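A quick note: this is a predicted structure, and the numbers were derived from the prediction, not measured. Heavy atoms only: backbone and side chains are in, while hydrogens, waters and symmetry mates are out. Chain letters run A, B, ... following the sequence lines, proteins first and then strands; every chain starts at 1.
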Amino acid sequence: MESNPEDIRAQLTAAGAVGVLAVEPFDGAAARVKFAPESAAALFQVFRDALGFTHLSTVGGIDWVTRYEVFYLLWSDATKRYVILSADLDAKTPHIETASPTWPSANWHEREAWELVGIHFDHHPDLRHLLMPDGYQFHPLQRAFKLHEPEELEVKVRHV
Amino acid sequence: MSAVAPAAPLPAAPKPGPVVGPGGELPVVTNDVTFVEIETLRSREFLPAAKEALSAMLKEQGESKLIRPVFNWAGRNSLFPLHWGLACCAIEFAAAFGARWDAERFGVVPRSSPRQCDLLIVNGTVTWKVAHKLIALYEQMPEPKWVIAMGNCATGGGPFRTAYSVVPGVDKLVPVDVYIAGCPPRPEALLDGILRLEALIRERGE
Ligand code: SF4
(Lines give C-alpha, C1' and ligand atoms only; values in the text may rest on other atoms or scores of the structure.)
Protein backbone atom coordinates (compact mmCIF):
# COMPACT_ATOMS: atom_id res chain seq x y z
CA MET A 1 0.00 0.00 0.00
CA GLU A 2 1.37 3.38 -0.99
CA SER A 3 1.70 5.73 1.87
CA ASN A 4 1.99 9.52 1.57
CA PRO A 5 1.41 12.61 3.74
CA GLU A 6 -2.35 12.57 3.09
CA ASP A 7 -2.59 8.95 4.27
CA ILE A 8 -0.57 9.69 7.37
CA ARG A 9 -2.67 12.75 8.13
CA ALA A 10 -5.93 10.81 7.70
CA GLN A 11 -4.69 7.91 9.84
CA LEU A 12 -3.55 10.29 12.58
CA THR A 13 -6.96 12.02 12.61
CA ALA A 14 -8.73 8.65 12.71
CA ALA A 15 -6.58 7.58 15.67
CA GLY A 16 -7.36 10.83 17.47
CA ALA A 17 -3.74 11.93 17.78
CA VAL A 18 -3.09 15.20 19.59
CA GLY A 19 -0.09 17.49 19.34
CA VAL A 20 0.55 17.10 15.59
CA LEU A 21 1.68 20.46 14.22
CA ALA A 22 2.28 19.64 10.55
CA VAL A 23 2.54 16.70 8.16
CA GLU A 24 4.91 17.56 5.33
CA PRO A 25 6.17 15.58 2.35
CA PHE A 26 9.77 14.42 2.72
CA ASP A 27 12.06 12.85 0.16
CA GLY A 28 12.53 9.13 0.74
CA ALA A 29 9.97 8.93 3.51
CA ALA A 30 6.20 8.86 3.70
CA ALA A 31 6.10 12.16 5.54
CA ARG A 32 7.76 14.34 8.09
CA VAL A 33 5.50 14.88 11.09
CA LYS A 34 6.23 17.91 13.23
CA PHE A 35 4.82 17.55 16.72
CA ALA A 36 4.71 19.38 20.03
CA PRO A 37 7.20 17.85 22.51
CA GLU A 38 4.64 17.83 25.35
CA SER A 39 2.52 15.21 23.57
CA ALA A 40 5.47 12.97 22.67
CA ALA A 41 4.68 9.89 24.77
CA ALA A 42 1.06 9.56 23.57
CA LEU A 43 2.04 10.23 19.97
CA PHE A 44 4.72 7.52 20.01
CA GLN A 45 2.06 5.01 21.08
CA VAL A 46 -0.25 6.12 18.26
CA PHE A 47 2.49 5.71 15.66
CA ARG A 48 3.42 2.26 16.88
CA ASP A 49 -0.04 0.79 17.57
CA ALA A 50 -2.47 2.60 15.24
CA LEU A 51 -0.16 3.38 12.28
CA GLY A 52 2.00 0.25 12.48
CA PHE A 53 5.45 1.87 12.69
CA THR A 54 6.90 -0.97 14.74
CA HIS A 55 10.59 -0.20 14.26
CA LEU A 56 12.56 2.84 15.40
CA SER A 57 15.66 3.16 13.21
CA THR A 58 17.37 6.13 14.75
CA VAL A 59 17.04 9.09 17.06
CA GLY A 60 19.10 12.20 16.47
CA GLY A 61 19.44 15.77 17.55
CA ILE A 62 20.49 18.99 15.84
CA ASP A 63 21.63 22.22 17.44
CA TRP A 64 20.12 25.06 15.35
CA VAL A 65 21.55 27.70 17.77
CA THR A 66 18.14 29.33 18.46
CA ARG A 67 16.46 25.97 19.05
CA TYR A 68 17.18 22.26 19.19
CA GLU A 69 15.55 19.71 16.96
CA VAL A 70 15.07 16.07 17.88
CA PHE A 71 14.03 13.62 15.18
CA TYR A 72 12.95 9.99 15.08
CA LEU A 73 13.11 7.76 12.02
CA LEU A 74 10.38 5.11 12.07
CA TRP A 75 9.93 2.14 9.77
CA SER A 76 6.73 0.27 9.02
CA ASP A 77 6.99 -3.35 8.00
CA ALA A 78 3.40 -3.28 6.68
CA THR A 79 3.78 -0.37 4.24
CA LYS A 80 7.57 -0.60 3.79
CA ARG A 81 7.93 3.15 4.29
CA TYR A 82 9.76 5.43 6.64
CA VAL A 83 8.24 8.32 8.50
CA ILE A 84 10.16 11.07 10.28
CA LEU A 85 8.95 12.58 13.53
CA SER A 86 10.51 15.88 14.45
CA ALA A 87 10.05 18.28 17.34
CA ASP A 88 11.56 21.65 18.16
CA LEU A 89 12.96 22.00 21.65
CA ASP A 90 13.79 24.98 23.77
CA ALA A 91 17.41 26.14 23.33
CA LYS A 92 18.04 26.65 27.07
CA THR A 93 16.97 23.29 28.50
CA PRO A 94 16.26 20.93 25.61
CA HIS A 95 14.33 17.95 26.95
CA ILE A 96 11.68 15.54 25.75
CA GLU A 97 9.98 12.38 27.01
CA THR A 98 11.88 9.17 26.26
CA ALA A 99 10.68 6.80 23.54
CA SER A 100 12.25 3.70 25.07
CA PRO A 101 9.02 2.26 26.60
CA THR A 102 7.49 2.34 23.11
CA TRP A 103 10.52 1.26 21.08
CA PRO A 104 13.30 -0.41 23.13
CA SER A 105 15.82 0.49 20.41
CA ALA A 106 15.46 4.12 21.46
CA ASN A 107 17.53 3.41 24.55
CA TRP A 108 21.01 3.63 23.03
CA HIS A 109 20.07 6.17 20.37
CA GLU A 110 18.83 8.53 23.07
CA ARG A 111 21.97 7.99 25.10
CA GLU A 112 23.99 9.01 22.06
CA ALA A 113 21.81 12.04 21.30
CA TRP A 114 22.11 13.10 24.91
CA GLU A 115 25.87 12.84 25.16
CA LEU A 116 26.69 14.37 21.78
CA VAL A 117 23.99 17.04 21.40
CA GLY A 118 22.90 17.54 24.99
CA ILE A 119 19.18 16.81 24.64
CA HIS A 120 17.85 15.39 27.90
CA PHE A 121 15.40 12.51 27.66
CA ASP A 122 13.04 12.49 30.65
CA HIS A 123 12.38 9.17 32.40
CA HIS A 124 15.06 7.42 30.35
CA PRO A 125 15.87 4.12 32.11
CA ASP A 126 19.66 4.39 31.74
CA LEU A 127 20.93 7.77 30.55
CA ARG A 128 24.68 7.08 30.71
CA HIS A 129 27.53 7.93 28.36
CA LEU A 130 27.73 5.70 25.31
CA LEU A 131 30.70 6.82 23.17
CA MET A 132 32.57 8.95 25.69
CA PRO A 133 34.17 7.89 28.95
CA ASP A 134 32.11 8.30 32.10
CA GLY A 135 32.41 11.79 33.48
CA TYR A 136 33.04 13.46 30.11
CA GLN A 137 31.88 17.02 30.58
CA PHE A 138 31.09 18.22 27.07
CA HIS A 139 28.37 17.78 24.48
CA PRO A 140 30.72 17.96 21.51
CA LEU A 141 28.17 18.33 18.70
CA GLN A 142 26.72 21.51 20.17
CA ARG A 143 27.59 24.62 18.19
CA ALA A 144 29.03 26.24 21.29
CA PHE A 145 31.64 23.48 21.68
CA LYS A 146 35.10 24.66 20.66
CA LEU A 147 37.77 22.30 19.41
CA HIS A 148 40.29 21.93 22.19
CA GLU A 149 44.01 21.94 22.22
CA PRO A 150 44.78 18.27 22.88
CA GLU A 151 46.45 19.03 26.19
CA GLU A 152 43.50 21.03 27.45
CA LEU A 153 41.00 18.27 26.69
CA GLU A 154 43.25 15.64 28.18
CA VAL A 155 43.48 17.45 31.49
CA LYS A 156 39.74 17.90 31.67
CA VAL A 157 38.98 14.30 30.89
CA ARG A 158 41.63 13.00 33.25
CA HIS A 159 40.56 14.96 36.27
CA VAL A 160 37.00 13.67 36.48
CA MET B 1 66.25 -21.24 -27.32
CA SER B 2 68.78 -19.79 -25.01
CA ALA B 3 70.80 -22.13 -22.87
CA VAL B 4 69.71 -22.43 -19.30
CA ALA B 5 72.28 -20.71 -17.17
CA PRO B 6 73.79 -22.97 -14.52
CA ALA B 7 72.46 -22.23 -11.07
CA ALA B 8 74.74 -19.84 -9.27
CA PRO B 9 76.36 -21.35 -6.19
CA LEU B 10 74.78 -20.24 -2.96
CA PRO B 11 76.62 -17.27 -1.50
CA ALA B 12 78.68 -18.07 1.55
CA ALA B 13 77.19 -17.31 4.94
CA PRO B 14 77.98 -13.72 5.89
CA LYS B 15 81.02 -13.14 8.03
CA PRO B 16 80.25 -12.15 11.62
CA GLY B 17 80.28 -8.40 11.92
CA PRO B 18 77.94 -5.50 12.46
CA VAL B 19 74.35 -6.50 11.69
CA VAL B 20 72.60 -4.28 9.19
CA GLY B 21 68.86 -4.16 9.63
CA PRO B 22 66.41 -2.46 7.26
CA GLY B 23 66.79 0.70 9.29
CA GLY B 24 70.57 0.78 9.26
CA GLU B 25 73.29 -0.70 11.32
CA LEU B 26 72.12 -2.11 14.64
CA PRO B 27 74.16 -1.15 17.69
CA VAL B 28 76.44 -3.88 18.98
CA VAL B 29 77.17 -4.28 22.66
CA THR B 30 80.70 -5.59 23.02
CA ASN B 31 80.12 -8.24 25.66
CA ASP B 32 77.26 -9.52 23.53
CA VAL B 33 79.28 -10.18 20.41
CA THR B 34 78.78 -13.95 20.46
CA PHE B 35 75.06 -13.53 20.03
CA VAL B 36 75.51 -11.07 17.22
CA GLU B 37 77.57 -13.70 15.48
CA ILE B 38 74.91 -16.30 16.05
CA GLU B 39 72.22 -14.04 14.63
CA THR B 40 73.99 -13.80 11.30
CA LEU B 41 74.04 -17.57 10.81
CA ARG B 42 71.63 -19.53 8.69
CA SER B 43 69.03 -21.69 10.35
CA ARG B 44 70.84 -24.98 9.65
CA GLU B 45 73.98 -23.79 11.37
CA PHE B 46 72.14 -22.05 14.14
CA LEU B 47 71.57 -24.72 16.77
CA PRO B 48 75.08 -26.23 16.82
CA ALA B 49 76.62 -22.77 16.87
CA ALA B 50 74.36 -21.62 19.70
CA LYS B 51 75.10 -24.72 21.70
CA GLU B 52 78.84 -24.28 21.25
CA ALA B 53 78.76 -20.61 22.14
CA LEU B 54 76.64 -21.17 25.22
CA SER B 55 78.79 -23.94 26.64
CA ALA B 56 81.92 -21.90 25.93
CA MET B 57 80.50 -18.91 27.78
CA LEU B 58 79.25 -21.11 30.58
CA LYS B 59 82.75 -22.47 31.10
CA GLU B 60 84.31 -19.07 30.86
CA GLN B 61 81.97 -16.89 32.91
CA GLY B 62 79.93 -19.12 35.15
CA GLU B 63 76.16 -19.40 35.34
CA SER B 64 75.14 -16.14 37.00
CA LYS B 65 76.81 -13.92 34.43
CA LEU B 66 75.31 -15.87 31.60
CA ILE B 67 71.66 -15.87 32.62
CA ARG B 68 71.06 -12.18 31.94
CA PRO B 69 72.46 -11.98 28.42
CA VAL B 70 70.81 -15.25 27.52
CA PHE B 71 67.44 -14.00 28.66
CA ASN B 72 68.01 -10.75 26.83
CA TRP B 73 69.00 -12.57 23.66
CA ALA B 74 66.11 -15.02 23.87
CA GLY B 75 63.58 -12.35 24.78
CA ARG B 76 64.45 -9.90 22.04
CA ASN B 77 64.37 -12.63 19.43
CA SER B 78 60.93 -13.89 20.44
CA LEU B 79 58.84 -10.77 20.99
CA PHE B 80 55.20 -11.72 21.43
CA PRO B 81 52.93 -8.79 20.56
CA LEU B 82 49.35 -8.62 21.71
CA HIS B 83 46.90 -9.59 18.97
CA TRP B 84 44.89 -6.40 19.25
CA GLY B 85 43.63 -4.28 16.38
CA LEU B 86 42.37 -0.76 17.00
CA ALA B 87 41.83 0.95 13.64
CA CYS B 88 43.04 1.03 10.03
CA CYS B 89 46.68 0.47 11.04
CA ALA B 90 45.61 -2.97 12.28
CA ILE B 91 45.18 -3.96 8.61
CA GLU B 92 48.87 -3.30 8.00
CA PHE B 93 49.65 -5.10 11.25
CA ALA B 94 47.74 -8.11 9.93
CA ALA B 95 49.50 -7.89 6.57
CA ALA B 96 52.88 -7.87 8.29
CA PHE B 97 52.07 -11.24 9.85
CA GLY B 98 50.71 -12.68 6.61
CA ALA B 99 52.58 -14.70 4.00
CA ARG B 100 54.10 -11.80 2.08
CA TRP B 101 55.93 -10.00 4.88
CA ASP B 102 56.00 -12.87 7.34
CA ALA B 103 56.99 -11.16 10.56
CA GLU B 104 57.17 -14.54 12.26
CA ARG B 105 60.61 -15.07 10.74
CA PHE B 106 61.82 -12.57 13.34
CA GLY B 107 60.28 -14.65 16.09
CA VAL B 108 57.38 -12.20 16.43
CA VAL B 109 54.21 -14.18 17.10
CA PRO B 110 50.98 -12.41 18.05
CA ARG B 111 49.27 -13.88 21.09
CA SER B 112 45.67 -13.36 22.08
CA SER B 113 46.14 -12.92 25.81
CA PRO B 114 48.08 -10.04 27.33
CA ARG B 115 49.47 -12.46 29.92
CA GLN B 116 51.41 -14.25 27.20
CA CYS B 117 52.79 -11.06 25.65
CA ASP B 118 55.75 -8.80 26.18
CA LEU B 119 55.07 -6.32 23.39
CA LEU B 120 52.07 -4.03 22.96
CA ILE B 121 51.75 -2.70 19.41
CA VAL B 122 49.22 0.12 19.53
CA ASN B 123 48.02 0.01 15.93
CA GLY B 124 45.38 2.66 15.56
CA THR B 125 43.37 5.51 16.96
CA VAL B 126 43.04 5.45 20.73
CA THR B 127 39.89 7.12 22.00
CA TRP B 128 39.36 8.25 25.55
CA LYS B 129 36.70 5.57 25.86
CA VAL B 130 39.18 2.77 25.15
CA ALA B 131 42.06 4.38 27.07
CA HIS B 132 41.23 2.59 30.31
CA LYS B 133 41.10 -0.77 28.56
CA LEU B 134 44.47 -0.10 26.94
CA ILE B 135 46.02 0.64 30.33
CA ALA B 136 44.40 -2.49 31.79
CA LEU B 137 45.82 -4.62 28.97
CA TYR B 138 49.25 -3.09 29.43
CA GLU B 139 49.22 -3.74 33.14
CA GLN B 140 48.26 -7.38 32.66
CA MET B 141 51.40 -8.00 30.60
CA PRO B 142 54.30 -9.51 32.56
CA GLU B 143 57.61 -7.70 32.87
CA PRO B 144 59.75 -7.00 30.96
CA LYS B 145 57.43 -5.39 28.41
CA TRP B 146 57.68 -2.89 25.59
CA VAL B 147 55.31 -0.68 23.62
CA ILE B 148 55.41 0.29 19.94
CA ALA B 149 53.23 3.20 18.84
CA MET B 150 52.35 2.30 15.25
CA GLY B 151 51.07 5.04 12.96
CA ASN B 152 50.40 8.72 13.37
CA CYS B 153 47.30 8.14 15.50
CA ALA B 154 49.08 6.22 18.22
CA THR B 155 52.09 8.53 17.97
CA GLY B 156 50.30 11.85 18.29
CA GLY B 157 46.61 11.60 17.52
CA GLY B 158 47.17 11.70 13.75
CA PRO B 159 44.43 13.32 11.67
CA PHE B 160 42.13 13.28 14.72
CA ARG B 161 44.49 15.16 17.01
CA THR B 162 42.04 17.93 17.89
CA ALA B 163 38.96 15.72 17.90
CA TYR B 164 36.83 15.61 21.00
CA SER B 165 37.24 11.90 21.59
CA VAL B 166 40.82 10.96 20.65
CA VAL B 167 43.86 10.59 22.87
CA PRO B 168 46.60 12.76 21.31
CA GLY B 169 49.30 10.13 21.47
CA VAL B 170 49.36 6.87 23.36
CA ASP B 171 52.43 8.02 25.33
CA LYS B 172 49.94 9.98 27.44
CA LEU B 173 48.79 6.59 28.79
CA VAL B 174 51.70 4.10 28.68
CA PRO B 175 55.47 4.47 28.15
CA VAL B 176 56.39 4.04 24.47
CA ASP B 177 59.71 2.59 23.29
CA VAL B 178 59.46 2.91 19.50
CA TYR B 179 57.37 5.26 17.36
CA ILE B 180 56.55 4.37 13.75
CA ALA B 181 55.42 7.22 11.49
CA GLY B 182 52.97 6.83 8.64
CA CYS B 183 49.26 6.78 7.98
CA PRO B 184 49.32 3.85 7.83
CA PRO B 185 52.95 2.70 8.00
CA ARG B 186 53.73 -0.05 5.53
CA PRO B 187 54.41 -3.52 6.93
CA GLU B 188 58.10 -2.96 6.17
CA ALA B 189 58.02 0.00 8.52
CA LEU B 190 56.48 -2.14 11.23
CA LEU B 191 59.21 -4.75 10.75
CA ASP B 192 61.81 -1.97 10.89
CA GLY B 193 60.25 -0.78 14.13
CA ILE B 194 60.38 -4.27 15.60
CA LEU B 195 64.04 -4.64 14.61
CA ARG B 196 64.81 -1.27 16.13
CA LEU B 197 63.10 -2.39 19.32
CA GLU B 198 65.26 -5.51 19.31
CA ALA B 199 68.34 -3.30 18.98
CA LEU B 200 67.04 -1.15 21.82
CA ILE B 201 66.57 -4.15 24.07
CA ARG B 202 70.08 -5.32 23.27
CA GLU B 203 71.44 -1.86 24.00
CA ARG B 204 69.66 -1.59 27.32
CA GLY B 205 70.65 -5.12 28.31
CA GLU B 206 67.38 -5.62 30.15
S1 SF4 C 1 47.58 6.46 11.50
FE2 SF4 C 1 46.21 6.54 9.72
S3 SF4 C 1 46.01 4.40 9.08
FE4 SF4 C 1 46.78 4.40 11.20
S5 SF4 C 1 44.98 4.25 12.52
FE6 SF4 C 1 45.45 6.42 12.25
S7 SF4 C 1 44.19 7.08 10.52
FE8 SF4 C 1 44.28 4.84 10.47
Checklist entry - Below 6.0 angstrom between ring centroids: does that apply to A:F47 and A:Y72? => result no

Checklist entry - Please walk me through it: do B:R204 and B:D177 pass salt bridge (Lys or Arg N to Asp or Glu O under 4.0 Å)? => result CA-CA 12 Å; B:R204 288 184 193 159; B:D177 298 285; 3.0 Å; yes

Item to check | Backbone of A:L51 reached by a side-chain donor or acceptor of A:Q11 within 3.5 Å | outcome: no

Checklist entry - A:F44 and A:W103: aromatic ring centres closer than 6.0 Å? => result yes

Next on the checklist: Under 4.5 Å from any heavy atom of chain A, what part of B:A163 do you find: side chain, backbone, both or neither?
Outcome noted: backbone

Checklist entry - Any idea which of B:V130, B:V167, B:T162 has the most non-hydrogen atom pairs under 4.5 angstrom with chain A? => result B:T162

Checklist entry - Which bit of A:L116 comes within less than 4.5 Å of chain B, counting heavy atoms only: side chain, backbone, both or neither? => result side chain

